[in-house]
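Take a look at the structure set out below.
Note that the structure is predicted; figures quoted are calculated from it, not measured.
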Amino acid sequence: MRIYLDDRPKEILRYGQTLRRQVSADRHRIKAHNTLSSDTIDVDVAPGETVRIRCSNQVAKGGVLMMLTTGFAFISVKLEVISSDG
């Protein structure tokens with residue numbers, strides 16, 4: 001998974017890894033890309049706040065049927081804020 005923070009050069013995140021970055025209090029854009037699909041979210045970070053974001057791959061809509069008929073399915077990326085404390 002390629003991760004971009006505020007359009008800065010990408011970080012590569014492998015399965016099970018955690019990526020931690022200290023950022024300024026402001027609005028930040030996070031993008032994840034797995035070569036087939038991407039997802040982008042904007043996050044407002046307050047001073048002293050810790051924001052946790054989950055990045056996951058999931059079978060795209062209709063993917064199970066595609067898997068049964070062709071043997072493969074497209075995987076889509078999903079980003080979601082899972083906790084925010086300050």
Can you hop from Leu5 to Val81 via hydrophobic side chains spaced under 4.5 Å?
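Linked within one cluster.
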In terms of hydrophobic clustering (I, L, V, M, F, W, Y; side-chain heavy atoms under 4.5 Å; direct or indirect links), are Tyr4 and Val43 co-clustered?
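Tyr4 and Val43: separate clusters.
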Using a 3.5 Å distance criterion without hydrogens, assess whether the side chain of Ser37 forms a donor-acceptor pair with backbone atoms of Val77.
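Side chain of Ser37 to backbone of Val77: a pair is present.
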So does Leu36 get a backbone contact from the side chain of Asn34, meaning a donor-acceptor N/O pair under 3.5 Å?
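Side chain of Asn34 to backbone of Leu36: a pair is present.
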Quick one: pull up [atom1] in [X] and [atom2] in [Y] and give me the separation to the nearest 0.5 Å.
X	Y	atom1	atom2	answer
Glu80	Ser56	CD	OG	6.0 Å
Ile41	Ile30	CD1	CD1	5.0 Å
Ile3	Cys55	CD1	SG	4.0 Å

Shortest non-hydrogen separation from [X] to [Y] and the atoms involved:
X	Y	answer
Glu49	Asp44	OE1-O, 3.5 Å
Leu79	Ala32	CD1-N, 3.8 Å
Gln17	Arg14	OE1-N, 2.7 Å
Ala25	Pro47	CB-N, 3.5 Å
Arg52	Thr50	NH1-CG2, 3.7 Å

If you define the side chain from C-beta out and look only at heavy atoms, does anything of [X] sit under 4.5 Å from [Y]?
X	Y	result
Gln58	Ile75	no
Ile53	Ile82	no
Glu11	Arg21	yes

Tell me, with the steps shown, if His28 and Val45 meet side chain to side chain contact (heavy atoms under 4.5 Å, CB included).
CA-CA 8 Å; His28 297 280; Val45 179; 3.9 Å; yes
I'd like to check the side chain to side chain donor-acceptor pair (under 3.5 Å) partners of Asp42; sequence neighbours left out, ordered by chain and number.
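Asp42: side chain to side chain donor-acceptor pair (under 3.5 Å) contacts with Arg29.
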Would one find more than 12 heavy atoms of other residues, nucleotides or ligands at under 6.0 Å from atom CZ of Arg27?
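Yes - once you tally the heavy atoms of other residues, nucleotides and ligands closer than 6.0 Å, there are more than 12.
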Under a 4.0 Å N-O cut-off, is there an ion pair linking Lys78 with Asp39?
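Result for this pair is no, no salt bridge flagged.
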